[in-house]
Structures are given as structure tokens and as C-alpha cells.
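Have a look at the structure below before the remarks.
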Amino acid sequence: MRIIKIATLFVGSALMFSACGGSKDSKSEGNTDTENLVGEIKIDGSSTVYPISEAVAEEFKVGYPDVKVTIGLSGTGGGFKKFGRGETDINDASRPITKKEDSLCKASNITSLEMKVAFDGMAVVVNPQNTWVNDITVTELKKIWEPEAQGKIKFWNQIRPEWPKEEIHLFGAGVESGTYDYFTEAIVGKSHSSRGDYTASEDDNVLVQGISTDKLALGFFGIAYFEENKDKLKVVPVDDQNDENGKGPILPSIETVKNKTYSPLSRPLFIYVNSTAAKRKEVQAFVDFYLTNGGALSQEVGYISMTDEEYKAEKSKFDEFVKSLSK
Amino acid sequence: MNSSKKNRLKDNAFKYFGIGCTTFGLAMLAIFIGNILIEGFARIDWDFITNFPSRNPDKAGILPALIGTLWIMGLTAIISIPLGISAAIYLEEYGKKSRLANVLEINISNLAGVPSIIYGLLGLEIFGRIMGMGGSLLAGASTLSLLILPIIIVSTREALKAVPKSIKEASFAMGASKWQTISYQLLPASFGGIITGIILALSRAVGETAPLIVIGALAYVPFVPSSPTDEFSVLPIQIFNWISRPQKGFAINAASAIIVLLMVTFVLNGIAMYLRNKWQKKVQW
């Protein structure tokens, strides 16, 4: 029938396009001389870690054109659900695996290995027109964000008496994000617990927009979003009141995150590899590649690399893991 | 003021209210499209269409997502159109009026309003896990077919209902069987309405993100899907991914990808309009 003809036309055009794409692929194959690994690697998980994995996969493809690496965006929790069922090989995570998720893995006979791949700093920012805030302590941040502050801490001078008696407008990550979990853990002391009366968004660009147009705003998000919008925001140095890791208020930067003086608002980002997958040659090559080039690539996409020693340590951890599997 | 004057005044008031509403809608659309065009038009070139995703916004392209979207559209059409039209014909022409039929009818209309993420969860369990399709194009297309089936069924039934009864009766009077009447008279006569419903439904399917993310559609696919069992990405997921990135370049890419997605839907609507006009000229009583 005619309708079916139209339908086949759609699919036909899709096939035609894919044929064009295919020929382009085979061209890039010619100029590589690395060992010819073939296979598929399935990655899923955190959208925070996604840009790093994307960059690594992109570079990996140059050397290993026949290994198909795919990456999903199910979020850390959603990704672990699939990982625990053995549906994916690697999970991107912006927080460590929970006990519940780990028992899910055990139920399907999977052991997982956690590897740190980079750091993400969280910046506390205010509007550039805000002249009074030049630094802030963790205690003050806690006073602002803890659940008890809801409806009570409304003015800047309630936090520090010399600040003006003007309203404070709060912006932060949405409660479903790993960023929120981490911030509350570091500041309030308990993960997933904070006041609820603030402007929340899962999209950090929305927070940037909000803070840059509101003189009385205070908020937090990933350091990369500050770096891209430096002219519209003012970053506040944070004092963790612990002189052992740097005295006084400290600005978030590549240096201070890397040498751990910007504390407590910097967090490690992880990948988890599945024990069944880690037996496969292509997965081993990929993880190796990740730990060798992940530092430079994470820097490129806006995160902070670990030190060379730390990458080496993660690498030997992985080698041990692979060795233990072949026994 | 007499009552006829009052009525005229009301008439005028409503007219201007109507004009106001229409302009508001159009102005919003114009601002949105204008904004997107200004931001993204310059970025669209052949490389953007034929490149794979990349960490570098200037090198990133939409090829796998665009092809994924075309695949999804084609497969969804193949699955949902025959099912939807057949179901509608049965319900409209063969099904007897009974209490069960009533319940069925209400439920089909209700299904059209179920949030799309629910279909995603259903699709993940049934197509992805039980039937073992995983995160393939087929699983995605099956899920989206479920999502748009109610829309197709309802609009096809409306189109069939709109065919004058006299046509049907004349056909029977000539000795045509039920199926002959349906295939030679009813379907051609209602084709315009049916195709409009189908295209609207497909346009909705093309723009869906949530159910596809749930069933496991990907964001980074470094190859072009070449069979229905391949994993895939689609344009809305690519846009969603780009819009949340910190670098300004990705925001521009997102705007450009939105333009491409809009073009896909415009082309789809154009085809629908063309077919409808062609058919309307053919069918004359």
C-alpha cells in the first residue's frame, strides 16, 4: 500500500545516509598501525564524568578504530543499576558506589574496581556587584545551607554582622544530582540534607544565568562553569578553618585543587570497571589509555587532573585487579 | 444601550482577544526561532552534519544522532502505522458497541495523555530486558510506537468518521463487501486526515528524549547505526547533552542541532501537506 511505500522511503533514506557514513569510517582506518583490537565497550553513568569519557573515547578511536566505545547519560545512580546487572562494562560516577548498589553487583557475580580519574572543584560564587563578600568560611556556609536555616537565615547580616541587612538569594544544584550530594556532605556534614528554599537546577548554566543577574545571589557549581563565565561572576575563596591544608581563605584553582588545599569543596570523579569486562583485551587497553591520557584530557574539558603518581597508583591497582581475575 | 449593540460589542471584544492570543503565540515562536537562528545558523555546515561527536565544540558534529533520528523515525513509522490504522479500522468499522468497547475507547484516549517517561520504563522492561533488545534502535522505535499509537488510533478514527455515510451506503448498494468498501472508499477518502495524524504523531516521537534515555539510548556513539539492532543516539539527546556543558561553543552547537531537528520536522510536515493536497484533489464526489 501507499502508506507503506512512504514508510520505506524514510528508512531507505536512513540507510542511504548510513552508507555514506560507513565509507568515511574505513578511510580513517588506513593511517593507524596499532594492534588490531576488535570489540565493543559500553559505558554509562554520570553526566559530570561524561565529558572526560567522551574525550578519552574520541582519542582512543584514533588508535583503535575497530573498538566501538559508546557512552550513555543515565546518571551515576541509573548507570550503577545497569552496571550491577552486567549490562555495561564501565560506569562513570561522580560519587563512590553505595552499599546497596554494590550488593546488586554481588548478586549478579560482578566485582567492580573503583578508579579515580580526575578532580572536580566546586566554586562558591556571588554576583560581581556584591562588594561585601570577599571570603567565606565552611561554618558560615553550613549556617546558610543546613536544613535548620530554612525560613530563618534570610539576610546577609545574619551570617556575618558586618555584611548588609539585605536578602540573600540562594542558587544550587538540584537534589537529584551528584553535585548536590557532594556539596551537602562536605558543607552540612550529611549527604542529601539541606534547606529546600533555594533556586535549584540540574543545569549549571541556569544557575550561572541566575547569579549573574541577581546582586544578592550566592550559589555553587562546578568550577568549569565559573571559568567559562568569569566576566559575569565573582568567585569567593573558602576557608575550611583547618590550617593543615593551607591557611585562610583559598581560591579554587587547578593548583589548589590538585594539591588538596582547596578543601572541602573538591571531589574526585571515578570510573568503575566490571570484573567480567576487565578480562577482555579491548577493555584493558581502554582503561590503560584512560589512566594514561585522562589527566590531560580532563583538563581540556574543564576538570582538574590528578598528579602523575596518583595516575600510576590507579594504574597498578588496575593491573593487580586484572591479574587477580586471570587466576 | 440595546441588546444588539451590546452583543456587537462583545463580538468585537472577543475578536480582539482572539487576535491578541494568536499574536502572542506567534510572537513567542518568532522570538524562539529567531534566537536559535541567530545563535546557531552560522555553525551549520557540511562538517557539522557529517562529523562525529567530539570534546572540541568546533569539530563536533551530529552525524550519528541525525542518522539515529532518521532510523527511529522510519522504524517507528513501520511499526506504528499499520498497527494504528488497523486498530482504528477495527474499532470504527468492525467492533460492536459494547461495554468492553466503551472501556477500550476511554482507555485509548487516556493513554494519549500518559507521560512519556512511563512509556520509557515500560519499554526498558518489556523490549529492553524481557525481549532482549537492549538499548537498540528496535527497542527505541518500539517504545516510541507505543507512545504514539493512541494518537494515531484516535486521529484515524476521527478521519474515518468524517467520511459521509452516503459514500459507504452507496458502496454497499453496489454490492461491495465490507473490506472493499474500506479499501476502495473509506481509506482513500480519509487519507488526508489519517496522514495528518500520523505526521503529527511522528513529529512528537522525533522530539522525545526522556523515554529514549530511560531505555538506554546513548550520548556518544562513534559510529553510524547500520541495522535495527545497533545502539544509537538521537538529536534531542545530543542537544540535551550539549546545552548542559560549560563551554559556550557547545551552546552554539545545541542551537544548530535544534535548527536541524526543526528542519526534519518541517520536512515531515511539508510531506504531509503535499500528500493531503494531492489526495484531496483526487477524491471528489
Side-chain angles (χ1 to χ4, degrees), chain A residues 1-4 6-15 17-22 24-25 40 42-44 47 50-61 65 68-74 78 82 85 87-88 202-205 208 221-229 297 300-302, chain B residues 50 52-56 59 63-64 66-79 81-82 85 128-129 134-135 183 187-188 191 194-195 198 202 213-214 216-228 230-233 237 240-241 243-248 251 268 271 275:
Chain A
M1 260 174 58
R2 289 181 181 93
I3 299 161
I4 295 174
I6 297 157
T8 42
L9 195 112
F10 285 144
V11 179
S13 58
L15 283 172
F17 268 108
S18 61
C20 302
K24 200 182 162 199
D25 253 9
E40 252 185 81
K42 290 183 184 175
I43 307 176
D44 206 336
S47 54
Y50 173 86
I52 308 176
S53 289
E54 182 192 56
V56 172
E58 189 187 350
E59 287 306 311
F60 186 72
K61 194 187 169 196
K68 289 180 175 179
V69 183
T70 60
I71 312 169
L73 274 177
S74 304
K82 291 184 180 162
R85 284 166 165 262
E87 291 172 356
T88 54
E202 308 285 345
D203 183 351
D204 290 354
N205 284 320
V208 168
F221 43 71
I223 201 171
Y225 292 85
F226 166 71
E227 292 288 333
E228 291 292 325
N229 299 284
L297 289 171
E300 227 179 281
V301 295
Chain B
T50 57
F52 286 96
S54 163
R55 67 178 179 283
N56 185 343
K59 280 190 205 149
L63 182 67
L66 179 63
I67 302 300
T69 288
L70 292 178
W71 264 104
I72 280 287
M73 210 161 75
L75 286 174
T76 308
I78 290 175
I79 298 169
I81 293 172
I85 293 182
R129 296 204 169 128
S183 59
L187 281 181
F191 184 79
I194 295 177
I195 197 85
I198 288 173
L202 279 181
I213 287 195
V214 171
L218 304 160
Y220 178 81
V221 183
F223 55 87
V224 172
S226 56
S227 89
D230 278 349
E231 295 185 286
F232 68 102
S233 181
I237 295 184
F240 166 74
N241 169 28
I243 208 97
S244 62
R245 299 283 278 267
Q247 291 84 0
K248 177 83 180 123
L268 215 57
I271 294 172
L275 288 175

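In what follows, chains carry the letters A, B, and so on, assigned in the order in which the sequence lines appear, proteins first and then strands, with residues in each chain numbered from 1.
A 6.0 Å sphere centred on CZ of B:Phe240 holds no more than 12 heavy atoms belonging to other residues, nucleotides or ligands.
Using a 4.5 Å cut-off between heavy atoms, A:Asp203 touches chain B through its side chain atoms alone. Residue A:Phe226 does not touch chain B at all, counting heavy-atom pairs closer than 4.5 Å. For A:Thr70, the parts lying near chain B are the backbone and the side chain together; criterion is any non-hydrogen pair under 4.5 Å. With a threshold of 4.5 angstrom between heavy atoms, B:Arg129 approaches chain A through side-chain atoms but not through N, CA, C or O. Of the two parts of A:Leu297, only the side chain, counted from C-beta on, holds a non-hydrogen atom closer than 4.5 Å to a non-hydrogen atom of chain B. Neither the backbone nor the side chain of A:Glu202 has a heavy atom closer than 4.5 Å to any heavy atom of chain B. Only the side chain of A:Glu40 has a heavy atom closer than 4.5 Å to any heavy atom of chain B. The parts of B:Gln247 that come within reach of chain A are both its backbone and its side chain, each placing non-hydrogen atoms under 4.5 angstrom from that chain.
Of all the listed residues (A:Asp44, A:Ile71, A:Leu73, A:Val301), the one sharing the greatest number of non-hydrogen pairs under 4.5 Å with chain B is A:Ile71. With respect to chain B, the highest number of heavy-atom pairs below 4.5 Å among A:Glu227, A:Glu300, A:Lys42, A:Glu228 belongs to A:Glu228. Ranked by heavy-atom pairs shorter than 4.5 Å toward chain B, the options A:Lys82, A:Arg85, A:Glu59 are led by A:Arg85. Of all the listed residues (A:Gly78, A:Ser47, A:Ala57, A:Gly302), the one sharing the greatest number of non-hydrogen pairs under 4.5 Å with chain B is A:Ala57.
A heavy-atom distance below 4.5 Å is found between the side chains of A:Ile43 and A:Val69. A heavy-atom distance below 4.5 Å is found between the side chains of B:Ile194 and B:Leu187. For the pair B:Ile85 and B:Ile198, the minimum side-chain heavy-atom distance is below 4.5 Å. Considering only heavy atoms from C-beta on, B:Tyr220 stays 4.5 Å or farther from B:Asn241 through its side chain.
A salt bridge links A:Glu54 with B:Arg245: the distance from a Lys NZ or Arg NE/NH1/NH2 to an Asp or Glu carboxylate oxygen falls below 4.0 Å.
Of the possible donor and acceptor atoms, none in the side chain of A:Asp204 sits under 3.5 Å from a partner among the backbone N and O of B:Pro246. Listed for the B:Ser233 side chain is a donor-acceptor partner under 3.5 Å among the backbone atoms of B:Leu218.
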